[in-house]
Asks: 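Starting off with a structure, shown below.
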2 protein chains.
Amino acid sequence: MTTRTRHTERREEALSRERIAEAAVELLDVAGEGGLTFRALSAQLRTGPGAIYWHVANKDELLAAATDAVLTDALTADTAALAGDAPGTPENAVRAVALGVFDAIDAHPWLGAQLARVASMSTTLRLFECIGRQVQALGVPENAQFDSASALLNYILGVAGQNAANARTQPPGTSRADVLSAESAVWANLDPEDYPFIRNVAAQLRDHDDRAQFLAGVDLILAGIASLR
Amino acid sequence: MTTRTRHTERREEALSRERIAEAAVELLDVAGEGGLTFRALSAQLRTGPGAIYWHVANKDELLAAATDAVLTDALTADTAALAGDAPGTPENAVRAVALGVFDAIDAHPWLGAQLARVASMSTTLRLFECIGRQVQALGVPENAQFDSASALLNYILGVAGQNAANARTQPPGTSRADVLSAESAVWANLDPEDYPFIRNVAAQLRDHDDRAQFLAGVDLILAGIASLR
DNA sequence: ACCTGAACACCGTTCAAGT
DNA sequence: ACCTGAACACCGTTCAAGT
C-alpha cells in the first residue's frame, strides 16, 4: 500500500468558523440531518466537543453557518451562469436565482429544511434582496414591490421545505424517479370519494419533472406580477 | 377553598390516540415546540412514557397527530365560514382555505414548522385536495391544474414555515407589532450598499399587515392562474 | 390488551483545567 | 486566546414486569 490515506481534515490546521462550517456541510451531506452532532463533528475535526463552542455559540448557529456557506456558493454560481444564458431580462434573473436555490437543495437535501425554518437570518435576507432587486427591475409599482418579492420568496422556501420533507421520507440515496413512483402509488390508492383531485393527478406525478414544476410556479407568480403593471 | 381544582386531564379516562393528540396540542401551545416531550406529555396524562408508545409509534407520529387534529378543525371551520361570506367563487374558496391555514398557524405557531416539514402526510394531502378542487372549478386547463395547485400549496406552506421561524425568534407571547418593529429595525440597519432593496421596504415592514400580505401573494398566484385560461 | 417505570444510548451544553 | 474532555441535565425509545 503505497497510496497514503487521505483524511478530510488535517490535525495541524487551527480550528476556525469556516473549517467548522465546511465539516458540518460534509457531515450533513453524508449522514443527513441526524448525522450532525457536536461529537461527530469534533471527531471529524480531531478535537473535543467543547472546542467547537469557542467558535460557534450553539447548534442553531452551527446550522446557520453551514446553510450560509452552501447558499453563498449557490447564489454566486447562478448569477455567473446567467451571463452566458438566455436574454438578461429581470424575469430570467428571477428564474436563475430560484433555480440556483432549487439545485442547491437538490444537492444538499438538508438545506431545504434549514431554509424553511430559519427565517430572516442573513441567508434568507440575502435571497430576499436578490429577488427584490429583480422585482424592482420588472417595473412593479413601488407599493407592490414588497408583496411581490415576498410571494416569490415564500414560494421558493415552501418548495424548499417540501423537497426536504420528501427527501427525509425516503432512505438517503433513493433516486428521484423512485421517490415519485412511490408517492404516485400512494396517491393512486387514496379513496376516490375523498380525494378525487389527487387521484386525478396521480398519473401526472409519476413522470413529472420536479424542477419544471417548480419553474412553472415561479412563472405563475411572475405572470401575476406582470398583471400589476 | 371550596372551589375544586380542575385538572386538564382526568385520571379515570382511558388513554387513546385522540386524548394524546389533544394533550400534545395543549403542551405545544403552552410551552412551544421544545415543550413537547414524552415525559411532560405522560406527566400531563398521569401515566408513564411507555404508555404513550402503545398508541403512537414515535415522536414524528405524535407531532403528525397533533398537526392533523388542529388542521382538521381549521379546514372544516373555514369552509363553514365561507357560506355566510362573500360570493362563493372558486377564488374566494381558495382565499378562505388559505386564510384558514394562516389563522390556524397564528393561533398555534408550532403548526407552521410542522406543515413545512412533514410533506405528503395525510394533513398536507387533504390541504392539497382542497386547493386542487377549487383550481379545477376555476376552469384551469387539465394539464395546468397540477402545477397551479402545487404553486398555491407551496406558497402557503412557505409562509407557514416563515411565520413559524419568526415566532421562534421572539420570546413566546410577543405581540405581532413588536416582532415587526424589531425586524424592521434590523432591516433598516443593514448596509445600504449590500441591501438597497430591503432597506427600501424596511419602513413598509413596520406597519404592514402579515395577513394582508399573505393574501396579496395568494391573489398574485390566482392572477397568474387566470392568465392561463 | 393495556399500562408502568426503570434502564439504555445518545444528545447539547458547560466548565474547570490545561497550554 | 484557544483547546481538552469529563460531567450534567435531558431526551427518545425499549422492555421486562405487572394488571
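Below, read A as the first sequence line, B as the second, and so on, with proteins coming before strands; counting in each chain starts at 1. Every heavy atom of this structure was used, including side-chain atoms; hydrogens, water molecules and symmetry mates were not.
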Asks: Can you measure A/L62 atom CG to C/dC11 atom P for me and round it to whole angstrom units?
Replies: 14 Å
Asks: Where the side chain of A/Y53 is defined as all heavy atoms beyond and including C-beta, which of C/dA1, C/dT13, C/dA7 is the nearest nucleotide?
Replies: C/dT13
Asks: Would you say that B/R133 contacts B/E129 through its side chain, given a criterion of any heavy-atom pair below 4.5 Å between the two side chains?
Replies: yes
Asks: Considering every strand and a 4.0 Å limit on heavy-atom distances, what is the contact class for A/L36: base, sugar-phosphate, or nothing?
Replies: sugar-phosphate
Asks: Name the residue closer to the 5' end of DNA chain C, choosing between A/G34 and B/P49 according to the nucleotide with the nearest heavy atom.
Replies: B/P49
Asks: Which one, D/dC3, D/dC11, C/dC3, comes nearest to the side chain of B/R39?
Replies: D/dC11
Asks: Output the rounded distance in Å from CG (B/L45) to P (C/dG5).
Replies: 14 Å
Asks: Do you see a donor-acceptor pair shorter than 3.5 Å between the side chains of A/E183 and A/W187?
Replies: yes
Asks: Does A/G50 or B/G50 map to a spot on DNA chain D nearer the 5' end, using the closest nucleotide for each?
Replies: A/G50
Asks: Could you state the CD-P distance from B/E33 to D/dC10, rounded to the nearest angstrom?
Replies: 20 Å
Asks: Taking OP1 and OP2 of C/dC3, is either one under 4.0 Å from a side-chain nitrogen or oxygen of B/W54?
Replies: no
Asks: Going by atom type alone, with no hydrogens or angles, which donor-acceptor pairs under 3.5 Å involve a side-chain atom of residues 205-217 of chain A and a protein atom two or more places apart or on another chain?
Replies:
{"from": "A/R206", "atom 1": "NH1", "to": "A/S184", "atom 2": "OG", "distance (Å)": "3.1"}
{"from": "A/H208", "atom 1": "ND1", "to": "A/Q213", "atom 2": "OE1", "distance (Å)": "3.4"}
{"from": "A/H208", "atom 1": "NE2", "to": "A/D210", "atom 2": "OD1", "distance (Å)": "3.0"}
{"from": "A/D209", "atom 1": "OD1", "to": "A/R211", "atom 2": "N", "distance (Å)": "2.9"}
{"from": "A/D209", "atom 1": "OD1", "to": "A/A212", "atom 2": "N", "distance (Å)": "3.3"}
{"from": "A/R211", "atom 1": "NE", "to": "A/D103", "atom 2": "OD1", "distance (Å)": "2.8"}
{"from": "A/R211", "atom 1": "NH2", "to": "A/D103", "atom 2": "OD2", "distance (Å)": "2.8"}
{"from": "A/Q213", "atom 1": "NE2", "to": "B/D147", "atom 2": "OD1", "distance (Å)": "2.9"}
{"from": "A/Q213", "atom 1": "NE2", "to": "B/S150", "atom 2": "OG", "distance (Å)": "3.4"}

Asks: Rounding to an integer number of Å, can you tell me how far B/R46 CZ sits from C/dG5 C1'?
Replies: 17 Å
Asks: Is the distance from the ring center of B/F128 to that of A/Y195 below 6.0 Å?
Replies: no
Asks: In whole Å, what is the span from the CG atom of B/D60 to the C1' atom of D/dC11?
Replies: 14 Å
Asks: How many Å lie between CD1 on B/I52 and P on C/dG5, as a whole number?
Replies: 13 Å
Asks: Counting heavy atoms from C-beta on, name the nucleotide in C/dC3, D/dT13, C/dC11 closest to the side chain of A/T37.
Replies: C/dC11
Asks: Can you give the dot-bracket line for DNA chain C, using ( ) for pairs inside the strand, [ ] for pairs that cross earlier ones, | for pairs with another strand and . for unpaired bases, where Watson-Crick and G-U count if both distances are under 3.5 Å?
Replies: ||.|||||...|||||.||
Asks: Can you tell me how far CG of B/L27 sits from CG of B/L45, rounded to the nearest 0.5 angstrom?
Replies: 9.0 Å
Asks: Whole angstroms only, please: what is the NE2-C1' distance between B/H55 and C/dC3?
Replies: 8 Å
Asks: Show which side-chain atoms of residues 56-71 of chain A pair as donor or acceptor with protein atoms under 3.5 Å away, not counting sequence neighbours.
Replies:
{"from": "A/N58", "atom 1": "OD1", "to": "A/D60", "atom 2": "N", "distance (Å)": "3.2"}
{"from": "A/N58", "atom 1": "OD1", "to": "A/E61", "atom 2": "N", "distance (Å)": "3.0"}
{"from": "A/K59", "atom 1": "NZ", "to": "A/L36", "atom 2": "O", "distance (Å)": "2.7"}
{"from": "A/E61", "atom 1": "OE2", "to": "A/R17", "atom 2": "NH1", "distance (Å)": "2.8"}
{"from": "A/E61", "atom 1": "OE2", "to": "A/A57", "atom 2": "N", "distance (Å)": "3.4"}
{"from": "A/T67", "atom 1": "OG1", "to": "A/L63", "atom 2": "O", "distance (Å)": "2.8"}
{"from": "A/D68", "atom 1": "OD1", "to": "A/S122", "atom 2": "OG", "distance (Å)": "3.2"}
{"from": "A/D68", "atom 1": "OD1", "to": "A/T123", "atom 2": "OG1", "distance (Å)": "2.5"}
{"from": "A/D68", "atom 1": "OD1", "to": "A/R126", "atom 2": "NH1", "distance (Å)": "3.2"}
{"from": "A/D68", "atom 1": "OD2", "to": "A/R126", "atom 2": "NH1", "distance (Å)": "3.4"}

Asks: Considering only D/dC3, D/dT13, C/dC11, which nucleotide approaches the side chain of B/K59 most closely?
Replies: D/dT13
Asks: What's the CG-P distance between A/L15 and C/dT19, to the nearest Å?
Replies: 19 Å
Asks: How long is the straight-line distance from CG of A/L125 back to SG of A/C130, given to the nearest 0.5 Å?
Replies: 11.5 Å
Asks: Nearest to the side chain of B/A51, heavy atoms from C-beta on, is which of C/dC3, D/dG12, C/dT13?
Replies: C/dC3
